[in-house]
Amino acid sequence: MTDGATDHRALRGRFILGMRREEIDEAQGRLLAALNQCGYDHASCFAVRTAVEEALSNAIHHGNNNDPAKKVTIEYTASASTVVIAVEDEGRGFDPASVPDPTRPENVDIPSGRGIMLMRVYMTHVEFDPPGNCVRMTLRRRT
């Protein structure tokens, strides 16, 4: 695991994770510490933690197919006004438009799509970089 340096305007971090819970918890802890240092409130920290947890779960289980040899990379930049987080796996990617909307009645029993939905609910902007193995999430701080 690596961690980036701080500049005068933003806090940055980069973590390369395996499947160990301790690594994941340490990366999330450092990200949340950066948000606290930038002055984000409890609700914003909860939103980021939830979105990142969902992105990591998807990356490990769906992207990397639970392969312990594959890694997940998290990169973030946090400033007083915005946090941008990228979570990238070593999988082949996917088409986000192909994931069924879990809020539609016909999809309620389908166990997929909820993580993406939560990311979109909690973050200001969510996009998937082609080929779909990297999600980039942005939270703009409310003023």
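- Looking at every heavy atom in both residues, Ala10 comes nearest to Ser79 through CB-CB, 4.4 Å.
- With hydrogens and angles ignored, the 3.5 Å screen pairs a side-chain donor or acceptor of Asp95 with a backbone N or O of Ala97.
- Closest heavy-atom contact between Ala86 and Arg136: CB-NH1, 3.5 Å.
- Evaluation of the ring pair (Phe, Tyr, Trp, His ring centres under 6.0 Å) rule for Tyr122 yields Phe46 as partners, not counting sequence neighbours.
- Heavy-atom contacts from other residues, nucleotides or ligands closer than 6.0 Å to CG of Asp109 number 12 or fewer.
- Contacts of Arg21 classified as side chain to side chain donor-acceptor pair (under 3.5 Å), with partners at least two apart in sequence or in another chain: Asp25, Glu53.
- Atom CZ of Arg20 sits about 9.0 Å away from atom CD of Glu26, to the nearest 0.5 Å.
- Expressed to the nearest 0.5 Å, how far NZ of Lys71 lies from CD1 of Ile16 amounts to 9.0 Å.
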### Task
For Lys70 and Asp89, run side-chain contact (heavy atoms from CB on, under 4.5 Å): C-alpha distance rounded to whole Å, both residues' side-chain angles, the deciding distance at 0.1 Å, then the answer.
CA-CA 8 Å; Lys70 292 185 177 181; Asp89 60 59; over 6 Å; no
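- We find the CE-NE2 distance between Met123 and His125 to be 10.5 Å, quoted to the nearest 0.5 Å.
- Minimum interatomic distance between Gly91 and Asn64 (heavy atoms only, all atoms of both residues): N-OD1, 3.4 Å.
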### Query
Given Asn133 and Glu90, is the side-chain contact (heavy atoms from CB on, under 4.5 Å) satisfied, shown in steps?
CA-CA 7 Å; Asn133 68 332; Glu90 294 181 347; over 6 Å; no
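- Residues Val72 and Leu32 fall within the same hydrophobic cluster, defined by Ile, Leu, Val, Met, Phe, Trp and Tyr side chains chained together at heavy-atom separations under 4.5 Å.
- In this structure the side chain of Tyr40 never reaches within 4.5 angstrom of the side chain of Val48, judged on heavy atoms.
- Val84 and Val52 fall into different hydrophobic clusters, defined by Ile, Leu, Val, Met, Phe, Trp and Tyr side-chain heavy atoms under 4.5 Å apart, directly or through other members.
- Distance check: Leu31 CG to Glu75 CD gives 12.5 Å after rounding to the nearest 0.5 Å.
- Residue Ile74 is grouped with residue Met19 when hydrophobic side chains (ILVMFWY) are merged at heavy-atom distances under 4.5 angstrom, including chains of intermediate members.
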### Task
Given side-chain hydrogen bond (donor to acceptor under 3.5 Å, both in side chains), test Ser81 with Arg141 step by step and report yes or no.
CA-CA 5 Å; Ser81 62; Arg141 192 168 178 186; over 6 Å; no
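- When all heavy atoms of Asn107 and Pro100 are compared, the closest pair comes out as ND2-CB, 3.6 Å.
- Checked by atom type and distance alone, the side chain of Glu54 never pairs as donor or acceptor with a backbone atom of Met119 at under 3.5 Å.
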### Message
Determine whether Leu35 and Ser44 satisfy the following criterion, side-chain contact (heavy atoms from CB on, under 4.5 Å), listing intermediate values before the conclusion.
### Response
CA-CA 9 Å; Leu35 294 180; Ser44 296; over 6 Å; no
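- With rounding to the nearest 0.5 angstrom, the CG atom of Leu11 is 4.5 Å from the CD atom of Gln37.
- Nearest heavy atoms, Tyr76 versus Arg30: OH-O, 3.9 Å.
- Taking every heavy atom of both residues into account, Val99 and Phe94 meet most closely at CG2-CE1, 3.6 Å.
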Can you give me every donor-acceptor pair (side chain of residues 55-62, partner residue at least two apart or in another chain, under 3.5 Å) with its distance?
| unit_1 | atom_1 | unit_2 | atom_2 | d |
| --- | --- | --- | --- | --- |
| His61 | ND1 | Asn66 | OD1 | 2.6 |

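- Follow the hydrophobic side-chain contacts under 4.5 Å out from Ile85 and you reach Phe128 in the same cluster.
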